Amino acid sequence: LTQTVVEAEQEFARVAREVGVRDAFLAFLAPQSVVFLPRASNGRAAYADAPTEPVLHWAPALAESAASDDLGYTTGPFSLLATASGPVISHGWYLSVWKRNESGVWEAVLDIGTQTADMPPAADHVEIPSRPPSPPADAAGRRASLIEMDDLIAAAAQRRGPRRALTPMLDATARLNDGGTIVDGGIRIARTLGDAPVSFHRLGDGVSAAGDLAYTYGEYTLGPLPSMESPSGNWVRIWRVGPDGQWVIVHMLHAPIEH
């Protein structure tokens, strides 16, 4: 049977518990993967010299994959332990984007986490959203429209702030991870977004072969002008095509960078 993206994430977490963070990440990260420590960098290079401890535990609580089953994402709680027996030194929510390689094996192409003040609830099951199918289209055309919408968000946020820029793009069931605070529902997310100008700078993207699931990511700076040297944080958006053929944001993450 073909491995699902949830099973790939669960295997990744199991291997990390058995052999340690460094060896597990080097085994499961794609060659051109992106991690944020704290800024975007190549995942394999970042973990090549990482220590075997501390110990990282995590589990998927929400997952989704493309109709073509070549792109997917999972998110859930994590905890970082000083050693295998504890104590817990930090905890929060992770987000991983997965893509099948040429051999059909899932590899993590993006991984990011946000810390929380309180321990997040355990992932006792995995929620898989039920989505109506999107109309067929070529992936290249869908990517072009995705980039256009992402650029519109950036332009609007610089002038009018993220609330007005992002709200029209949010799915009704969207989830926001705002620096570790989870907000569910497009309406609720809109209420949390600010009106002060923000500069979003995109660093990369990816689209499924079916052209129905995608991700974009980059850095943001509070204020109307981007800072390439000292950005305020990282951002990731997971996009899905609705039954009307239009892209909507189903998951969004904002992770402040401490300076």
Side-chain angles (χ1 to χ4, degrees), residues 1-13 58-78 93-100 104-114 120-139 141-143 145-146 149-150 153 166-178 181-193 205-217 235-254:
L1 294 175
T2 302
Q3 187 183 47
T4 66
V5 69
V6 171
E7 292 168 339
E9 188 72 72
Q10 291 170 335
E11 182 185 5
F12 185 14
W58 76 92
L62 174 69
E64 198 166 354
S65 59
S68 46
D69 200 34
D70 64 320
L71 187 71
Y73 73 94
T74 80
T75 183
F78 76 82
W93 292 91
Y94 80 87
L95 172 65
S96 295
V97 179
W98 292 77
K99 186 177 182 179
R100 290 193 189 274
V105 177
W106 286 111
E107 293 180 322
V109 294
L110 182 148
D111 185 75
I112 188 170
T114 56
D124 53 3
H125 72 284
V126 182
E127 177 187 353
I128 300 178
S130 176
R131 311 263 186 209
S134 59
D138 69 286
R142 284 268 172 82
R143 180 180 179 274
S145 64
L146 170 76
M149 293 187 73
D150 213 51
I153 288 174
L166 287 162
T167 297
M169 311 293 190
L170 294 173
D171 184 69
T173 64
R175 169 173 289 188
L176 167 65
N177 177 345
D178 187 16
T181 300
I182 304 299
V183 184
D184 285 316
I187 294 176
R188 290 181 177 178
I189 293 172
R191 292 171 180 162
T192 70
L193 297 173
D205 65 275
V207 181
S208 67
D212 64 335
L213 186 69
Y215 67 99
T216 55
Y217 68 92
W235 60 267
V236 181
R237 298 177 193 130
I238 307 293
W239 299 77
R240 189 95 203 199
V241 172
D244 61 354
Q246 299 298 311
W247 288 107
V248 291
I249 298 170
V250 294
H251 197 96
M252 189 163 59
L253 178 146
H254 294 155

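Throughout, residue positions are numbered sequentially from 1 according to the sequence presented. No experiment lies behind these values; they were computed from the predicted model shown.
Between S96 and E9, the shortest heavy-atom distance links the atoms CB-OE1, 3.3 Å. Residue A210 comes nearest to S68 through the heavy atom pair N-OG, 3.1 Å, listed as atom of the first residue, atom of the second, then distance. In plain terms, the two heavy atoms of L170 and A174 that are nearest each other are CD2-CB, 4.4 Å. Residues V6 and A63 approach most closely at CG2-CB, 3.4 Å, considering heavy atoms.
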* side-chain contact (heavy atoms from CB on, under 4.5 Å) assessment of V236 paired with Y73 -> CA-CA 12 Å; V236 181; Y73 73 94; over 6 Å; no
* Could you please spell out the steps behind the side-chain contact (heavy atoms from CB on, under 4.5 Å) verdict for L213 and I238? => CA-CA 7 Å; L213 186 69; I238 307 293; 4.1 Å; yes
* **Pair L62-H251, side-chain contact (heavy atoms from CB on, under 4.5 Å): steps then yes or no** => CA-CA 10 Å; L62 174 69; H251 197 96; 4.2 Å; yes
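Side-chain N/O atoms of E7 and W106 include no donor and acceptor closer than 3.5 Å. The closest side-chain donor-acceptor pair between W239 and T216 falls under 3.5 angstrom. For S208 and D70, the side-chain atoms include no donor-acceptor pair closer than 3.5 Å.
A side chain to side chain donor-acceptor pair (under 3.5 Å) with Y94 is found for one member of T74, T114, T75 and no other, namely T74.
Here the side chains of V97 and L71 are in contact, with some heavy-atom distance below 4.5 Å. Side-chain contact check for P77 versus W58: every heavy-atom pair is 4.5 Å or farther apart. The shortest side-chain heavy-atom distance between F78 and P120 does not fall under the 4.5 Å cut-off. Put simply, the side chain of I249 reaches to within 4.5 Å of the side chain of L166, judged on heavy atoms. In this structure, R131 and V250 have side chains that are in contact, with non-hydrogen atoms separated by less than 4.5 Å.
Side-chain N or O atoms of T173 include none that pairs as donor or acceptor with a backbone N or O of G185 at under 3.5 Å. Side chain of D178 to backbone of T181: no donor-acceptor contact under 3.5 angstrom is found.
Rounded to the nearest 0.5 angstrom, M169 CE and D150 CG are separated by 8.5 Å. Note that CG of N177 and CH2 of W93 are 8.5 Å apart. Values are rounded to the nearest 0.5 Å. Expressed to the nearest 0.5 Å, how far OH of Y217 lies from CZ of R237 amounts to 13.5 Å. Interatomic distance, CZ of R100 versus CD of Q3, reported as 7.5 Å (0.5 Å rounding). Between L193 atom CG and M252 atom CE the span is 5.0 Å, to the nearest 0.5 Å. One distance of note links CD1 of I189 with CG of D184; it measures 7.0 Å at 0.5 Å rounding.
By the 4.0 Å N-to-carboxylate-O rule, D212 lies close enough to R240 to be salt-bridged with it.
A 6.0 Å sphere centred on CD1 of I187 holds no more than 12 heavy atoms belonging to other residues, nucleotides or ligands.
The salt bridge (charged side-chain N to carboxylate O under 4.0 Å, His left out) check on D205 picks up R143, with sequence neighbours excluded.
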